[in-house]
Amino acid sequence: MSASTTPHDLWQQLRVTFPDDALLEQAKAYSTAYLQQVNEQRVFPDDAALSALDHFDEDVPQGVGDAQAILRSLNDYGAPATSVHVGGRYFGFVNGGILPIGLAARWLSDAWDQNAGLHLTSPIAAKLEQISEKWVVDLLGLPTGTAMGVVTGTSTATLCGLVAGRNALLKRQGWDVNTQGLFGAPPIRVVMGAHAHGTVKRALALIGMGHGTAEIVPVDEQGRMDPDQLPELDEHTLLILQAGNVNSGAFDDFVTLCQRANEAGAWVHIDGAFGLWAAASPSKKHLTAGIDLADFWSVDGHKTLNTPYDCGLVLCKDRAALAAAMQASGDYIHYSDERDNMLYTMDMSRQARGVSLWATLKFLGREGVAGLIDRLCEHATLFGQELQGAGFRVLNEMVFNQVIVACDQPAVTQATLKHIQASGECWCGGSRWFGEPVIRISVCNWMTRPEDIQRSVAAFVKAREDALRDIANL
Ligand SMILES: *Cc1c(COP(=O)(O)O)cnc(C)c1O
């Protein structure tokens with residue numbers, strides 16, 4: 001746009017070019033070029049790429065810019081500063097990859113720019129979340145009729161779940177949190193394992209239940225809650241379990257724990273961010289036996305299922321309890337007889353996340369979902385075995401997609417991790433496992449192949465050599 005372009009000209013010009021804007025073609029070309037070379041790119045950016053991010057430091061631009069140039073700067077300075085989540089050698093945190101169908105569906109639904117809150121604002125978003133709900137409940141073997149909402153991630157899903165559980169437990173005691181608030185409410189107990197995820201604690205804090213007041217159940221050497229040390233439960237208790245320990249990938253004993261909770265009338269929440277998907281694999285299903293006895297499940301699409309980001313699932317056995325907790329009303333909100341997505345989440349306006357979720361499930365099907373889960377688990381086991389062969393210690397039972405690795409000395413482990421992260425060959429995070437510093441591997445991307453694991457193991461070995469040399473030179 002030239003300096004003489006008037007605002008009127010701008011909107012007129014955009015109207016004309018929008019349908020087949022060269023910008024969209026350019027975005028596709030940049031994306032394709034990125035994906036074509038991504039397995040050659042460093043897995044984490046080097047210092048030069050990080051310093052170049054200074055390019056973005058500027059004050060608020062005064063006038064209308066040049067869209068092509070904006071997109072070009074994103075490509076030129078942004079792409080090299082990505083950590084390569086779409087490639088096969090990123091094993092940090094529990095970050096899933098992205099399937100082509102999910103990416104394509106996201107592009108298309110972004111062009112639709114739907115507000116997925118109501119059936120009235122987007123019939124297609126309502127339809128695809130309704131279908132996805134039915135499919136997810138079936139794939140995970142949850143009770144028929146379980147309600148599902150699509151949120152940004154498990155952090156938010158857990159928040160929704162604990163609100164629903166808290167409110168349901170108080171309602172049974174004749175207390176309506178929505179109108180009466182929490183001050184003066186009858187007490188509610190929270191029981192959770194010593195390895196409950198940080199997002200569970202944050203959710204408890206956010207909803208005014210202070211995680212410091214929770215009764216903590218000790219865990220075994222894999223991080224599983226010890227059922228023998230479960231306190232007496234009652235109908236005022238929120239029991240929080242875990243499908244997939246964030247370090248070891250271990251699963252709580254749901255059959256025993258949920259039965260105890262059901263007998264006592266407690267509410268059971270399962271944080272299954274990545275592990276709940278074990279239920280969709282015939283070879284891993286045994287890990288999740290008993291999950292159907294819970295009341296609420298929080299799980300991600302963007303981890304194990306490899307959907308695009310911003311896909312967390314809220315799953316509640318009692319549809320009315322979820323809708324009551326997420327209550328939203330206003331004279332201008334017209335609920336329909338069809339599904340209204342905003343009944344099941346805290347959002348009103350939001351993107352149509354269910355579109356890429358639906359497309360991913362439709363593409364994979366039951367067999368594809370199981371195949372994906374098995375592939376991740378097999379590669380994690382291979383990674384652990386290869387590392388053991390190279391003299392590293394594996395500290396967990398490799399039941400799912402997580403491997404906890406250490407060297408002979410804590411200082412060597414820490415220095416090795418630094419060298420791995422600096423190598424650009426692969427990327428793993430660090431953690432502590434019963435006090436010991438460890439390297440944490442999560443195989444969570446369909447893209448990972450055995451070759452990627454071999455190359456990563458070589459990077460581990462080289463990093464340990466460098467670490468030992470550093471220490472010897474101290
Ligand atoms: C990742 C994770 C979470 C948080 O999920 P987000 O999608 O990152 O919000 C919660 N619990 C466990 C066990 C996780 O692995």
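All figures in this text were calculated on a predicted structure; none of them were measured in a lab. In each ligand, atom 1 is the first atom listed, and ligand 1 is the first ligand listed.
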Do the side chains of Val150 and Asp310 get nearer than 4.5 Å, heavy atoms only?
no

Quick note on ligand 1: atoms under 4.0 Å from a heavy atom of His302 include exactly 7 (O)

To the nearest 0.1 Å, how far is atom 13 (C) of ligand 1 from its closest protein heavy atom, and which atom is that?
Asp271 OD2, 3.5 Å

Where is the tightest heavy-atom contact between Ile373 and Ala280, given as atom of each residue plus distance?
CD1-CB, 4.0 Å

Close-contact set for ligand 1 against Val246 heavy atoms, below 4.0 Å:
15 (O)

Looking only at atom types and distance, does a side-chain atom of Asn167 sit under 3.5 Å from a main-chain N or O of Ala164, one as donor and one as acceptor?
no

For Phe274, counting its heavy atoms only, list the atoms of ligand 1 lying under 4.0 Å from any of them.
15 (O)

Sub-4.0 Å heavy-atom approach of Gly244 to ligand 1:
yes

Option from Trp427, Phe44, Phe383, Phe460 for which ring pair (Phe, Tyr, Trp, His ring centres under 6.0 Å) with Phe91 holds
Phe383

Please confirm whether His236 and Trp267 have ring centers closer than 6.0 angstrom.
no

Would you please indicate yes or no on a ring centroid separation below 6.0 angstrom for Phe434 and His195?
yes

Which residue and atom name correspond to the protein heavy atom nearest atom 7 (O) of ligand 1, and how close is it?
Asp300 OD2, 2.6 Å

Any nitrogen or oxygen of Gln242 lying under 3.5 Å from a nitrogen or oxygen in ligand 1? Just yes or no.
no

Please state which protein non-hydrogen atom is closest to atom 9 (O) of ligand 1 and give its distance, to 0.1 Å?
Ser155 OG, 2.5 Å

Can you check whether Lys303 has an N/O within less than 3.5 Å of an N/O in ligand 1?
yes

Exercise: identify the closest heavy-atom pair between Val137 and Thr146
CG2-O, 3.6 Å

protein heavy-atom neighbour closest to atom 5 (O) of ligand 1 works out as Thr154 CB, 3.2 Å

